Asker: 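This structure is in structure tokens; I'll ask about it shortly.
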Amino acid sequence: MADTCLGPPLSLPASISHSFINTPNQIPFPFSLPLSHRLSPPFSMQSRNFSFMAPFSNTTHLCQCSASASTNSQPSLLVFSGGTAFNGVVEELKKLTTRVAHVLPVSDDGGSTAEIVRVLGGPAVGDIRSRCLRLSDPSTSEALAVRTLLGHRLPLEAQKAKYEWYEIVEGNHSLWTGVSKPYRETIRAFLIYFQDQILRRSDELFCFSNGSIGNFFFAGARIFFQSLDAAIFLFSRVSQIPTESLVLPVISTNDRLTLGCELWDGTIIRGQNEISHPTNGSMNPINKSSSSVPALPSRIKRVFYMSSEGSNLLHEVFPSVNPTVLEQLKSVDCIIFAMGSLFTSICPSLVLRGIGEIISSRSCPKVIIYWEGTVRTCLEVVISFVIH
């Protein structure tokens, strides 16, 4: 589950003992977009003063690039991460380079993401939404207002959450203050479309408790375009993310994805949230840094994707990796494995066919950012095991 609030950006200290660091076509509703970014049916380094050093030293190793360097001379990075732990580094990283491809899993099934997937299906968008907001432009009052709106979460109490949702979708909430008419009409159109899709599922009662407005906007755009990539493109433009910064789902799909794991004692666990932070259906925010969830009965042997449809839900499936991820892997100057839950944030990307082969073939620097926090899935994992 992605972060429950944006919070202040993390400033990197001087010494970090555990980090190593065309022709426009028209869409009839709800507005027009140039289709230079391909939409799915039905719509139609050079490195400059750049170094990442080996991670096994007490010396801090930071990427260094001139602030005045042009975008093309900045180092290009690809980061494998989840939607929470690395977020605190993102805004600091933007000061060094904006040429970063953020690769994120779409198998999260906790929090308000779980409710969207339960009622409307599709991939989990919470981690992608969270990263997009971290990359968004807060430099103007309107950009900050849009960021605040899309980063807002509804109250935990279900009735209060529903009431506030209706205020927002009707355009009467104070969160719209500072958002100009073009942005307001664009965002509201997809929120209304999301609401319409919920009402069409009359057999499912949607719970708005702790719901993310950004998730609702994202889900409405994905369903409207029938394309996860198109929804990311729209969200990126609305939140004014630098065009050279990419937010890439490791699997580009409109289908639901379920992560599973096998323990060394033979136990099979279904669902990312059940693996890392089981909540028993609770919508309360999770403090992932100090979770009181008991340890797993055995160490994790492997993670894999499981069928989300049909009668045999324990059947293993092999989804295809997003081709853009493979293209970026072949060309970036550095590959980073960010901090977080190894088995539920990083491995969901690395287990896909094609990724490991390209990583092993690259001679560019590969950096592991390892943290000393307590993670349920990694209590007995040491750094040498991670590298192996």
Side-chain angles (χ1 to χ4, degrees), residues 6 9 22-27 31-40 43 45-48 50 63 65-81 83 86-87 89-104 106 125 127-147 149-151 179-180 182-183 186-187 190 214 217-218 221-222 225 227-250 252 322-336:
L6 285 176
N22 318 348
T23 303
N25 297 323
Q26 302 298 314
I27 300 174
F31 66 101
S32 299
L33 273 179
L35 293 190
S36 56
H37 178 89
R38 181 172 299 177
L39 304 181
S40 300
F43 305 97
M45 167 174 125
Q46 298 175 350
S47 61
R48 175 167 175 170
F50 168 62
C63 160
C65 61
S66 171
S68 62
S70 65
T71 298
N72 289 335
S73 66
Q74 293 179 358
S76 60
L77 315 177
L78 184 142
V79 179
F80 290 105
S81 73
F86 192 68
N87 273 350
V89 181
V90 169
E91 294 189 42
E92 193 71 19
L93 184 61
K94 285 193 296 184
K95 301 175 184 177
L96 304 173
T97 178
T98 55
R99 296 179 62 202
V100 182
H102 299 265
V103 179
L104 297 127
V106 285
V125 298
D127 287 351
I128 294 175
R129 180 270 313 164
S130 178
R131 184 58 47 82
C132 284
L133 285 178
R134 282 291 186 177
L135 291 169
S136 63
D137 175 26
S139 62
T140 67
S141 58
E142 178 170 54
L144 187 59
V146 171
R147 178 172 176 165
L149 170 66
L150 296 177
V179 181
S180 64
Y183 274 107
T186 299
I187 296 171
F190 287 103
F217 171 78
F218 210 120
R222 183 197 62 78
F225 291 120
S227 168
L228 180 58
D229 290 333
I232 294 173
F233 172 72
L234 173 66
F235 199 106
S236 298
R237 298 288 77 79
V238 167
S239 55
Q240 299 184 44
I241 295 175
T243 55
E244 63 274 10
S245 297
L246 302 177
V247 179
L248 302 175
V250 71
S252 182
N322 184 346
T324 306
V325 173
L326 299 181
E327 293 172 6
Q328 289 292 316
L329 270 176
K330 294 175 182 177
S331 62
V332 293
D333 299 319
C334 180
I335 300 171
I336 299 176

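This one's a predicted model, so the numbers in the text were calculated from it and none came from an experiment.
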Asker: Looking at Glu327 and Lys330, does any basic side-chain N land under 4.0 Å from a carboxylate oxygen?
Answerer: no

Asker: Dump the intermediate steps for side chain to side chain contact (heavy atoms under 4.5 Å, CB included) on Leu78 and Leu329, then the final yes or no.
Answerer: CA-CA 7 Å; Leu78 184 142; Leu329 270 176; 3.9 Å; yes

Asker: For Glu244, is there any backbone N or O sitting under 3.5 Å from a side-chain donor or acceptor partner on Arg99?
Answerer: no

Asker: Is a side-chain N or O of Asp333 found less than 3.5 angstrom from the main chain of Ser76, in a donor-acceptor match?
Answerer: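 Looks like yes, one N/O pair under 3.5 Å.
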
Asker: Please enumerate all residues that pass side chain to side chain donor-acceptor pair (under 3.5 Å) together with Ser139, with sequence neighbours excluded.
Answerer: Asp137

Asker: Between Leu228 and Val106, does a side chain to side chain contact (heavy atoms under 4.5 Å, CB included) hold up when you go through it step by step?
Answerer: CA-CA 10 Å; Leu228 180 58; Val106 285; 4.3 Å; yes

Asker: Within the distance-only criterion (no hydrogens, no angle test), does the side chain of Ser239 pair as donor or acceptor with the backbone N or O of Ser136 below 3.5 angstrom?
Answerer: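 Here the side-chain-to-backbone pair does not exist.
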
Asker: Within the distance-only criterion (no hydrogens, no angle test), does the side chain of Gln240 pair as donor or acceptor with the backbone N or O of Ala143 below 3.5 angstrom?
Answerer: no

Asker: Take His102 and Leu135, measure what side chain to side chain contact (heavy atoms under 4.5 Å, CB included) needs, and give me the verdict at the end.
Answerer: CA-CA 10 Å; His102 299 265; Leu135 291 169; 3.7 Å; yes

Asker: With sequence neighbours left out, write down each residue that passes ring pair (Phe, Tyr, Trp, His ring centres under 6.0 Å) with Phe235, or none if nothing qualifies.
Answerer: Phe217, Phe218

Asker: Tell me, do Phe86 and Val90 make a side-chain contact under 4.5 Å, heavy atoms counted?
Answerer: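 They are in side-chain contact.
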
Asker: Which is it for Ser180 and Glu142 under the side chain to side chain contact (heavy atoms under 4.5 Å, CB included) test, yes or no, and what are the steps along the way?
Answerer: CA-CA 7 Å; Ser180 64; Glu142 178 170 54; 2.3 Å; yes

Asker: Please report the shortest heavy-atom distance between Val238 and Val146, naming the atom on each side.
Answerer: O-CG1, 3.8 Å

Asker: May I have the step-by-step check of salt bridge (Lys or Arg N to Asp or Glu O under 4.0 Å) for Arg131 and Glu91, ending in yes or no?
Answerer: CA-CA 10 Å; Arg131 184 58 47 82; Glu91 294 189 42; over 6 Å; no

Asker: If you define the side chain from C-beta out and look only at heavy atoms, does anything of Lys94 sit under 4.5 Å from Val100?
Answerer: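 When only atoms from C-beta onward are counted, Val100 and Lys94 do not touch, as no gap falls below 4.5 Å.
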
Asker: Please tell me if the side chains of Cys132 and Ile241 come closer than 4.5 Å, counting only heavy atoms from C-beta onward.
Answerer: yes

Asker: Do Leu248 and Gln328 come close enough that some side-chain heavy atom pair is under 4.5 Å?
Answerer: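 Of all side-chain heavy-atom pairs linking Gln328 with Leu248, at least one is under 4.5 Å.
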
